[in-house]
Amino acid sequence: MDIEAEIRALQLDSAEDNNATLIPEDAKPEEVEMTDKVEEEGMTDEVDTKSQPVQAEPKVKDKEVADMDCAEVPDEMESQKKRHLNVVFIGHVDAGKSTTGGQILFLSGQVDDRTIQKYEKEAKDKSRESWYMAYIMDTNEEERVKVGKTVEVGRAQFETETTRFTILDAPGHKSYVPNMISGASQADIGVLVISARKGEFETGYERGGQTREHVQLAKTLGVSKLLVVVNKMDDHTVNWSKERYDEIESKMVPFLRSSGYNVKKDVQFLPISGLVGTNMKTRVDKNICPWWNGPCLFEALDSVEVPVRDPKGPYRMPIIDKFKDMGTVVMGKVESGSICEGDSLLVMPNKAPVKVLAVYCDEDKVRRAGPGENLRVRLSGIEEEDISSGFVLSSVVKPIPTVTEFTAQLQILELLENAIFTAGYKAVLHIHSVVEECEIVELLQQIDPKTKKPMKKKVLFVKNGAVVVCRIQVNSLICVEKFSDFPQLGRFTLRTEGKTIAVGKVTDLPSRSSA
C-alpha cells in the first residue's frame, strides 16, 4: 500500500503547483518529507526511495495532516472573489422557464451561435420553432419529445461581473413536482416565471395551477428572495401592455404576501421576453416599452443579497446524486462548513467513515470549498450502492442527528377532498433531499393563528389552514436538524397523491436521536 501511495503522490505532485503539494492518504510525516526530497532531486532514485525503511513513529491523524495542508493553500473560494448563488427557475408549465434559462446562457456567452443554429434546426424539424432556446436547458430527448416539458432539474452555470450563478431549471408540470422540490431545496433565490399571454397566467394562477404551488413550496424550502419575471411580454396578445403587467402584479402581490414573503423587501417584479432576450442583459428600449424604468434581469440578479453562511460550522452536504468514477462520487450543495481534500467525514445515517479524495466545484477541481457551493466529491471507504439520495455527508466531530421520529409544527394548506388530518394520517415527506413515507403519530396542540400561542383544548383533528404541532414517524432512519439550528435541513413539505397538503418545520428531536 505504501509503494502505491508513493507512486500516486509522485504523479500528483508533478501535476500540482509546488505550493499545493498533495499528501497521499495514510501518509506518515516521514513519507511526506521523502516525497519532497525526491521532487527536489528531479525524481531520480525512485526505486531506492521506495525501498528505504520508514521508522515507526506515532502516526499523525489524517485530519490533522489535511488541515495543515489546507492552511498552506489559499482558500479557492476567496481567490475567486466572486460570490456564488443558486437560482431556481419555477412557475407553471409552459411559462417559459427553460427558454429564459437558455437565453441567459446565450447572452452570457455560455453557448455559441453554431449550437443555437443546430437547436433551431432540431426544433423546426419537430415543428416547435419557438422552443429552440429551451433545448439549451432541456438536454435529454425525453424532455424534447414531451412537447416542451422539463422533467429533470436542468443545471447550468453563468457569470456576471460580480457573481457566479448556477441555474436550476425546475419542472413546471404537476407530475414532476417532487423533482421541482429537489431543485428548490438547493436554491438561494428563485425566479418565478409567469406568462403574460392571455389565458396562460390565469391557468397557472387558479386553484390547482403550478404557479401557486411552486410559490408555496419555494418559501417552505428556504427560497427567501424571489424575482417575479413577467415573460412573453412581446406576445401579440400583450404587446408590452402596462395594463396587463399591472393586472398580473396586483393579483400576485396579495398571494405572495399570504405565502409568507415580505413583498417590499424580498420580491421584485420585472417584465421580459425570454424568447428574444428583451430586458434581460440590457434594459429594454424605450421605443418597445416606454413605461418601464426598472432594472433588467441581470442587474436584478446581481443586486440580490447573499444569505449568510457559516464556513466554520459543522460540515453538512445533503447528497442529491451519486455515481462511480474512479471511486464513489457524490453530488450536493454544501449547507454548512467547509470541505478540504484529505478530510475524514461520515456518510449519515450509515455512520460510514469516508475520506475525501477530490473536490470538484462546477467542472473545476479545487482543494477547498465553502458553504453554498454545488460540489462533486470523490470518496474512498464506501461503495456507490451503499449511498442513497437523502444521505448527508457530515463532519465527524458533530455529525447530523438521525431519527425515525420528530416533533414538527405544520401548516395545513389544502387537504384532499373528504380527508381529515388526524393521528394515523399518511403522506410523503420531502425534507432537503430526503423523500420518505411518513405517518402522523399524534397531534400535540393546535396553534392559534392570531396570537401564535397554543390553544388549551385537546386537538383530535384539524382542517385546512390550521397550524398544528404534531409527532411524525418515518419507516427508516433519516437525517434532519431542528429548524432553529439549521433552517435548510429542518424545513419540509408533506404531499399526498401528487398534491402538497402541508408545509412545516422540525421543532424538536428525540433526546435519543443517534448523532
Side-chain angles (χ1 to χ4, degrees), residues 25 61-64 66-67 70 77 182 185-186 221-222 309-323 327-361 366 368-406 429-436 474 476-492 505-506 508-515:
E25 296 167 59
K61 283 184 185 166
D62 296 326
K63 176 78 183 159
E64 287 172 20
D67 283 348
C70 269
M77 296 306 116
S182 83
S185 66
Q186 301 160 50
L221 295 163
R309 302 185 179 114
D310 185 7
K312 293 190 166 58
Y315 189 71
R316 300 281 186 269
M317 186 182 99
I319 294 168
I320 56 167
D321 204 359
K322 71 331 165 37
F323 57 90
T328 303
V329 179
V330 294
M331 292 167 63
K333 176 190 166 193
V334 183
E335 295 293 1
S336 164
S338 301
I339 188 171
C340 182
E341 224 172 71
D343 278 0
S344 297
L345 298 170
L346 289 178
V347 173
M348 299 295 279
N350 301 19
K351 297 186 179 171
V354 293
K355 186 148 186 141
V356 177
L357 299 180
V359 181
Y360 296 89
C361 178
V366 294
R368 185 175 190 163
E373 294 292 346
N374 301 310
L375 302 181
R376 285 177 294 128
V377 182
R378 183 174 290 126
L379 303 171
S380 67
I382 193 164
E383 290 302 317
E384 180 238 359
E385 52 266 24
D386 296 331
I387 298 174
S388 300
S389 63
F391 284 15
V392 176
L393 198 55
S394 168
S395 61
V396 178
V397 181
K398 197 176 175 194
I400 188 167
T402 58
V403 297
T404 54
E405 190 181 288
F406 58 89
L429 169 78
H430 292 260
I431 183 163
H432 59 86
S433 52
V434 171
V435 181
E436 192 74 45
V474 288
S476 48
L477 272 176
I478 59 168
C479 302
V480 298
E481 292 272 13
K482 286 202 314 207
F483 181 82
S484 53
D485 297 339
F486 279 91
Q488 310 91 317
L489 305 173
R491 50 166 78 90
F492 63 90
K505 56 187 182 183
V506 179
D508 203 10
L509 301 173
S511 51
R512 64 181 183 281
S513 64
S514 50

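Just so it is clear, the values below take in all heavy atoms, side chains as well, and ignore hydrogens, waters and symmetry mates.
- In terms of heavy-atom proximity, T328 sits nearest to I382 at OG1-O, 2.8 Å.
- Taking 4.5 Å as the limit, some side-chain heavy atom of I431 sits within range of a side-chain heavy atom of V506.
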(message) Under the criterion side-chain contact (heavy atoms from CB on, under 4.5 Å), I'd like the reasoning laid out for D343 against V359: C-alpha separation, chi angles, the key distance, then a yes or no.
(response) CA-CA 11 Å; D343 278 0; V359 181; over 6 Å; no
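- Looking at every heavy atom in both residues, P318 comes nearest to S433 through CB-OG, 3.6 Å.
- No donor-acceptor pair closer than 3.5 Å links the side chain of D485 to the backbone N or O of K482.
- Interatomic distance, CD1 of I478 versus CD of E405, reported as 11.0 Å (0.5 Å rounding).
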(request) Apply side-chain contact (heavy atoms from CB on, under 4.5 Å) to the pair H432 and V392, showing each step before the final yes or no. (result) CA-CA 10 Å; H432 59 86; V392 176; 3.7 Å; yes
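- D386 and N350 get closest at one heavy-atom pair: O-ND2, 3.2 Å.
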(request) Might you work through the side-chain contact (heavy atoms from CB on, under 4.5 Å) test for L429 and F406, ending with a clear yes or no? (result) CA-CA 12 Å; L429 169 78; F406 58 89; 4.2 Å; yes
(request) Run the numbers on V434 and V474 for side-chain contact (heavy atoms from CB on, under 4.5 Å), then give the verdict. (result) CA-CA 11 Å; V434 171; V474 288; over 6 Å; no
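- Under the side-chain hydrogen bond (donor to acceptor under 3.5 Å, both in side chains) criterion, E384 pairs with no residue at all, not counting sequence neighbours.
- The side-chain heavy atoms of P371 and S338, taken from C-beta on, include a pair separated by under 4.5 Å.
- Taking CD1 of I319 as the start and CG of L375 as the end, the distance is 11.5 Å to the nearest 0.5 Å.
- Across all their heavy atoms, S394 and P399 have their closest contact at OG-CA, 3.1 Å.
- Shown here are the side chain to side chain contact (heavy atoms under 4.5 Å, CB included) partners of F486, two or more places apart in sequence or in another chain: P314, R316, S336, E481, Q488, L489.
- Annotation: side chain to side chain contact (heavy atoms under 4.5 Å, CB included) contacts of D321 (sequence neighbours excluded): M331.
- For the pair I339 and M317, the minimum side-chain heavy-atom distance is 4.5 Å or more.
- Shortest non-hydrogen contact noted between V334 and G370 is CB-O, 3.7 Å.
- Residues that satisfy the side-chain hydrogen bond (donor to acceptor under 3.5 Å, both in side chains) test with R376, not counting sequence neighbours, are absent from this structure.
- Residues that satisfy the side-chain hydrogen bond (donor to acceptor under 3.5 Å, both in side chains) test with S388, not counting sequence neighbours, are absent from this structure.
- Residues forming a side chain to side chain contact (heavy atoms under 4.5 Å, CB included) with P353 (at least two apart in sequence, or on another chain): L346.
- Under the side-chain contact (heavy atoms from CB on, under 4.5 Å) rule, L379 has a single partner from L393, L357, V329, which is L393.
- Between P349 and F391 the shortest heavy-atom distance is CD-CD1, 3.5 Å.
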